[in-house]
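I have placed the structure first, in the form of structure tokens, so that the comments after it can refer back to it.
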Amino acid sequence: MRIPTSLKHKPVIVAEDYDHIDGRSAYQTDAKGLSLGLAQWNDRGRVDISAKVWRYTGEKWSRQSEELPLHRVLDLAILTCRAQLYLREESYKYPDFYDPDHPDIDRVGLQGDAMTVSVCTENDHIQEDIRLFQDALARDGELLGERMQVLARILGELGYHG
């Protein structure tokens, strides 16, 4: 199921078919996708990034707020890290910061399936939005970097050493 791009949140990096890997609710959840994009409270020119869990009721996309279970927080962290790595080390190779013929960035194996991380080519403003997204990541580099360092340290203390 495609994440909508006509609503106020403007997806830039997406993980569609999230319902395949949604923890214990895999294949039985209304959480159909994850996205990192331009926040719904933004005006063009003022940019904040938001993460969104897209829920579909069977009839319409829900605007319902939700608390995020820990596995979703970690899935969003994985999506965030992969997006940041892509934008830092790969996107510069392309004039529009992505390859329109091959928008998939990575397949991250989880729970016997995989989360496909892609540039959201369904976004009509993706060329502009991916640049704004990259600029916002750079602007928030210290803020995000501090959290990444803390996360890496704590993960190391927990025994997770890649």
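We're numbering straight along the sequence, starting at 1.
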**Request:** Given side chain to side chain contact (heavy atoms under 4.5 Å, CB included), test I130 with D96 step by step and report yes or no.
**Result:** CA-CA 8 Å; I130 198 168; D96 290 324; 5.8 Å; no
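- Looking at S35, its side chain never comes within 3.5 Å of a backbone N or O of G37 through a donor-acceptor pair.
- In the hydrophobic cluster analysis, where Ile, Leu, Val, Met, Phe, Trp and Tyr join through side-chain heavy atoms closer than 4.5 angstrom, Y94 is grouped together with I13.
- Clustering ILVMFWY residues whenever any of their side-chain heavy atoms sit less than 4.5 angstrom apart, transitively, puts Y160 in the very cluster that holds L151.
- Checking side-chain atoms of Q134 against main-chain N and O of L87 turns up a donor-acceptor pair under 3.5 Å.
- A side-chain hydrogen bond (donor to acceptor under 3.5 Å, both in side chains) with D22 is found for one member of H71, Q28, Q111 and no other, namely H71.
- Within a 6.0 Å sphere centred on CD of E157, heavy atoms belonging to other residues, nucleotides or ligands number more than 12.
- Put simply, the side chain of W61 reaches to within 4.5 Å of the side chain of M1, judged on heavy atoms.
- With a 6.0 Å radius and a threshold of 12 heavy atoms from other residues, nucleotides or ligands, E89 has its CD atom above the threshold.
- Between the side chain of N123 and the backbone N or O of V12, no donor-acceptor pair lies under 3.5 Å.
- Closest approach of W54 to L34, counting heavy atoms only: CD1-C, 4.3 Å.
- Between the side chain of T5 and the main chain of E122, a donor-acceptor pair closer than 3.5 Å is present.
- Tested against Y27 for a side chain to side chain contact (heavy atoms under 4.5 Å, CB included), the candidates D19, D113, I21 yield a single pass: D113.
- Looking only at atom types and distance, the side chain of Y98 has a donor-acceptor partner in the side chain of Q127 under 3.5 Å away.
- Taking the side chain as every heavy atom from C-beta outward, V119 and I126 approach each other to under 4.5 Å.
- Clustering ILVMFWY residues whenever any of their side-chain heavy atoms sit less than 4.5 angstrom apart, transitively, puts M148 in a cluster other than the one holding L79.
- Between K10 and D129, none of the side-chain N atoms (NZ, or NE/NH1/NH2) sits under 4.0 Å from a carboxylate O, so this pair counts as no salt bridge.
- Between E16 and I3, the shortest heavy-atom distance links the atoms OE2-N, 3.0 Å.
- Environment of CZ in R107: crowded, with over 12 heavy atoms of neighbouring residues, nucleotides or ligands closer than 6.0 Å.
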